[in-house]
Amino acid sequence: MKRLLTILTILSVILLAACGLNGGGSTSESSSGKAEDSKSNEGKKVLEFWHIDPGEKEKIYEEAVARFEEKHPDVDVKVLRIPNDAFKQKLSVAMSGNEAPDVFSNWGGGWLKNFVDQGKVLELTESTDKAHFNELALANTTFDDKVYGLPLGLSIDVVFYNKEIFEKYGLTPPKTYDEWLSVIDTLKDNNIIPIALANQTKWPGAYLFMNFASRIAGPELFDSAFNRKGRGFDDPAYVQAGEYLQEMVEREAFNPGFNGVPYDEGQGRQLLYSGQAAMMDMTISFVNNVRQEAPEFEEKLDFFLFPTVEGGKGDQTQVGAATGPVWSVAKNSKYPDLATELAIELTSAETAQNYMDRTGSLSGIKDVKPADEFTKRFYEVVQGATHLQMPYDQTLPPELAELHKDTTQAIYGLDMTPEEAAEKMEAKAKEVLE
Amino acid sequence: METTEVKVTNTRSIVNVASRTKQNKFKSALTIGLFVAPALIVYSIYVIYPILTTLMYSFYDWDGMGAGVFIGLQNYIDLFKDAIFWKALTNNTWVVLTSVFVQIPLGLIMALMLFAPIKGIRFFSSIYFFPFLMSTVAIGMLWVLMFDPINGMINQFINLFGFENVAWLSQTNTALFAVLLVIVWQFAPFYMILFKAAIVGIPEDLYEAAEIDGANPLTKFFRITLPLLMPTIVSSSILAIVGSLKAFDIFYIMTGGGPNHGTELLGTYMFKQAFINFNMGYASAIAFVMFIVALFVTIIIQVMDYYRKKRGAYV
């Protein structure tokens with residue numbers, strides 16, 4: 001006991017000394033820091049702005065920020081870019097600690113709604129000009145007729161392919177699943193990886209699953225399962241979608257070890273650039289990646305829409321789509337009006353035009369038409385679309401979304417049968433949605 | 001301060017001896033208390049208080065924001081029925097076993113090699129230590145590239161011996177092994193340094209005496225080096241075990257707990273529940289179980305060490 005007390009005493013003395021030193025040091029530092037701050041940005045209001053996009057998109061945001069700062073010389077916008085997968089976590093942590101950035105990027109849907117339900121997001125209904133936006137895109141950020149985000153970007157997912165490889169082996173873009181399988185077999189015979197997949201982060205593989213489900217049972221399936229109107233996540237169509245995936249895995253349609261390859265780091269895209277792989281089902285943001293990472297690859301790049309399946313109710317006018325970036329304003333922002341204005345500048349016609357023309361992306365702004373060749377073709381797909389399917393993991397509540405991605409990854413890994421996955425999904429859906 | 005103390009003693013000199021010792025006791029308790037207070041306050045605020053709040057949150061169904069609903073032990077009931085939790089606990093056990101039975105012996109061997117009469121050993125001592133100096137994030141990303149299923153260095157290496165490519169991080173049965181390999185690579189040097197310091201502290205004359213008695217190197221190791229290293233081995237084991245139970249970063253970076261929870265740890269599962277699924281109450285229950293497990297294991301080791309010392313063995 002005595003010894004313990006002695007030790008504790010010694011420790012506390014050391015700690016006290018350390019505290020004293022640290023305390024003294026930091027106060028003098030911070031006071032000098034403040035002095036410098038006030039000299040350089042004399043009482044400027046600081047807005048924090050987080051987004052996830054590299055390359056040209058980042059430049060466009062920075063230009064929009066510059067325009068905003070010009071209008072408001074007293075405001076300093078701190079722009080922070082965080083890579084996609086890390087961003088979701090970082091923002092969640094910041095939100096729960098009430099330290100969210102004033103303006104932040106998101107994808108609308110269930111993920112945003114979760115923060116809205118917790119009262120962390122500022123309502124923008126009154127400051128939003130609804131006619132300025134594409135209805136389908138804005139609907140994805142509107143909950144109970146209240147707008148919580150402004151969609152700058154709209155993206156669809158298509159199957160990209162390497163034209164050169166297709167020409168070399170006399171292949172044409174498949175229209176049906178059976179044609180797709182024969183393309184896959186031909187490529188396989190010629191030692192080319194048919195489809196590149198980087199599925200460590202689980203969402204890239206989910207696209208195929210969602211597309212299959214939509215092709216088999218039509219887009220009503222998900223809405224019915226999500227809104228608990230008759231059908232469920234254990235619907236035979238979901239089981240069948242899983243079976244299609246496993247059939248492709250067993251045919252070795254994907255690069256080996258895809259479940260351990262992360263998407264952001266680019267090993268999956270590298271397979272496509274280097275000609276080792278021929279196809280990839282991905283959102284059109286891939287074009288932006290190509291322009292930044294391998295500009296010479298663009299001339300070989302082309303795309304087709306997800307093939308139909310035999311006897312399926314869906315067709316090729318039903319497209320998988322997503323809104324993003326969507327700009328939302330945090331409720332705890334010190335300057336909500338300025339932050340809102342920044343979000344509006346980030347979705348202005350000028351920003352949207354640049355966004356479309358320079359990044360090969362679509363925008364959620366109504367009257368802006370693309371000049372870029374690739375984008376024009378995406379634009380036409382959207383114009384001709386009869387249904388836009390938002391990704392499940394951005395529509396479902398987080399817990400169910402995570403389970404959807406986990407089970408889909410397990411289906412790919414042949415660790416779980418499609419029936420098991422469907423049962424798990426439905427059990428969780430009953431718990432979370434009902 | 002001093003002057004008042006003198007006064008106090010002066011007045012006290014008239015009082016009888018019994019109350020004097022009592023007062024003395026009180027005074028020393030006060031002194032000790034004052035000295036202990038700063039550390040105790042900091043410790044309470046940053047360690048004890050969070051542990052208690054974690055325990056409290058674990059009784060709630062709470063999403064991390066807003067108000068929670070009190071649900072008693074429901075989180076724990078769900079947790080013990082949760083297959084992923086047991087999977088994570090098993091994986092944590094594997095990390096503990098690897099750390100104690102691979103990492104520490106390897107560190108010891110590396111430390112012994114540094115004392116062997118090999119040319120250029122100082123150079124190797126620096127090389128061995130490099131992995132420990134690198135940040136975990138860099139190590140994780142580096143090894144993800146090395147483990148790449150198609151173009152990775154490891155696969156090209158095993159190709160030389162005629163093996164097929166292995167998708168290390170993509171299969172539930174190899175992913176854990178692959179990450180454990182990285183952990184050993186990263187932390188063995190740390191134990192090497194600990195053992196190196198301890199070996200330096202062993203008196204040279206013991207070896208000289210052993211040599212005169214005609215002991216061979218193996219006897220010298222088992223009769224002198226190993227026994228005298230025992231305290232270091234014990235403290236290394238505590239570090240390794242507690243560190244392994246809390247393991248998170250390298251797994252999070254390399255596999256994110258996947259595929260299909262094959263490398264899920266209590267730490268990564270807690271993080272997912274807290275910040276992806278927003279089940280703060282459930283995550284708190286996991287955190288509290290982690291705390292209990294770590295506490296329990298540490299107590300066992302301490303007790304074992306106490307009896308070892310009591311027997312007077314080695315020390």
Side-chain angles (χ1 to χ4, degrees), chain A residues 5-6 8-17 19-20 85 88-93 95-98 114-115 117-120 193 199-202 255-262 265 267 270-271 274 276-277 397-403 405-407 409-416 432, chain B residues 28-29 31-43 63-66 84 137 140-141 144-145 147-152 155 164-175 178-179 252-264 271-280 282:
Chain A
L5 275 178
T6 329
L8 275 177
T9 316
I10 293 168
L11 276 179
S12 61
V13 170
I14 292 171
L15 203 100
L16 194 68
C19 282
D85 290 316
K88 292 179 195 168
Q89 331 244 293
K90 194 172 158 97
L91 190 73
S92 308
V93 175
M95 280 279 182
S96 65
N98 269 331
N114 190 48
F115 292 125
D117 290 343
Q118 291 160 353
K120 300 278 176 180
I193 297 162
N199 205 28
Q200 194 228 56
T201 38
K202 300 178 258 186
N255 45 305
F258 50 80
N259 267 351
V261 181
E265 278 78 357
Q267 288 131 283
Q270 194 59 42
L271 291 176
S274 63
Q276 283 175 284
E399 207 178 342
L400 195 55
E402 200 56 23
L403 186 71
K405 288 191 286 182
D406 279 343
T407 51
Q409 194 195 32
I411 289 175
Y412 273 105
L414 306 179
D415 294 323
M416 204 184 272
V432 176
Chain B
S28 60
T31 322
I32 292 169
L34 279 174
F35 271 113
V36 170
L40 197 65
I41 290 168
V42 172
Y43 182 74
D63 63 3
M65 301 160 223
I84 301 170
V137 178
M141 293 173 87
V144 167
L145 289 175
F147 278 127
D148 186 281
I150 300 172
N151 302 319
N155 276 333
E164 290 271 309
N165 275 0
V166 177
W168 294 101
L169 296 173
S170 317
Q171 300 165 334
T172 30
N173 49 352
T174 51
V179 185
Y252 180 71
I253 292 157
M254 286 186 66
T255 62
N260 196 21
H261 304 292
T263 56
E264 201 76 80
F271 180 84
K272 279 182 192 169
Q273 288 294 353
F275 295 112
I276 295 179
N277 295 350
F278 300 105
N279 286 330
M280 210 54 90
Y282 197 65

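The structure presented is a predicted model; accordingly, all values stated were derived computationally and were not measured. All chains are named by letter (A, B, ...) in the order of the sequence lines, taking the proteins before the strands, and each is independently numbered beginning at 1.
If you measure heavy-atom distances from A:Leu403 to chain B, you find no contacts under 4.5 Å at all. Heavy-atom distances place the side chain of B:Tyr252, and not its backbone, under 4.5 Å from chain A. In this structure, chain B has no heavy atom under 4.5 Å from any part of A:Asn199. In this structure, chain B has no heavy atom under 4.5 Å from any part of A:Gln270. Using a 4.5 Å cut-off between heavy atoms, B:Phe271 touches chain A through its side chain atoms alone. Within the 4.5 angstrom heavy-atom criterion, no atom of B:Asn165 approaches chain A. Within the 4.5 angstrom heavy-atom criterion, only side-chain atoms of B:Ile150, from C-beta onward, approach chain A. Heavy atoms of A:Leu400 lying under 4.5 Å from chain B are absent altogether. B:Ile41 does not touch chain A: none of its heavy atoms, backbone or side chain, sits under 4.5 Å away. For A:Phe258, the part lying under 4.5 angstrom from a heavy atom of chain B is the backbone only.
Contact count versus chain B (heavy atoms, under 4.5 Å) is highest, among A:Pro397, A:Ala401, A:Pro398, A:Pro262, for A:Pro398.
Considering all non-hydrogen atoms of both residues, B:Pro259 and A:Asn259 come closest at CB-CB, 4.3 Å. Nearest heavy-atom pair, A:Gln200 versus B:Met254, reported as atom, atom and distance to 0.1 Å: NE2-O, 2.7 Å. Here the closest non-hydrogen pair linking B:Asn151 and A:Gln276 is OD1-NE2, 3.4 Å. Closest approach of A:Gly257 and B:Pro149 over heavy atoms only: O-CG, 3.6 Å. Closest approach of A:Met416 to B:Asn260, counting heavy atoms only: CE-OD1, 4.0 Å. For A:Ser96 against B:Phe275, the heavy-atom pair with the smallest separation is OG-CE2, 3.7 Å.
Surrounding NZ of A:Lys90 are at most 12 heavy atoms belonging to other residues, nucleotides or ligands under 6.0 Å away.
Judged purely by distance below 3.5 Å, without hydrogens or angles, the side chains of A:Gln267 and B:Asp148 pair a donor atom with an acceptor atom.
Counting only distance, with no hydrogens or angles, the side chain of A:Glu402 and the backbone of B:Gln273 share no donor-acceptor pair below 3.5 Å.
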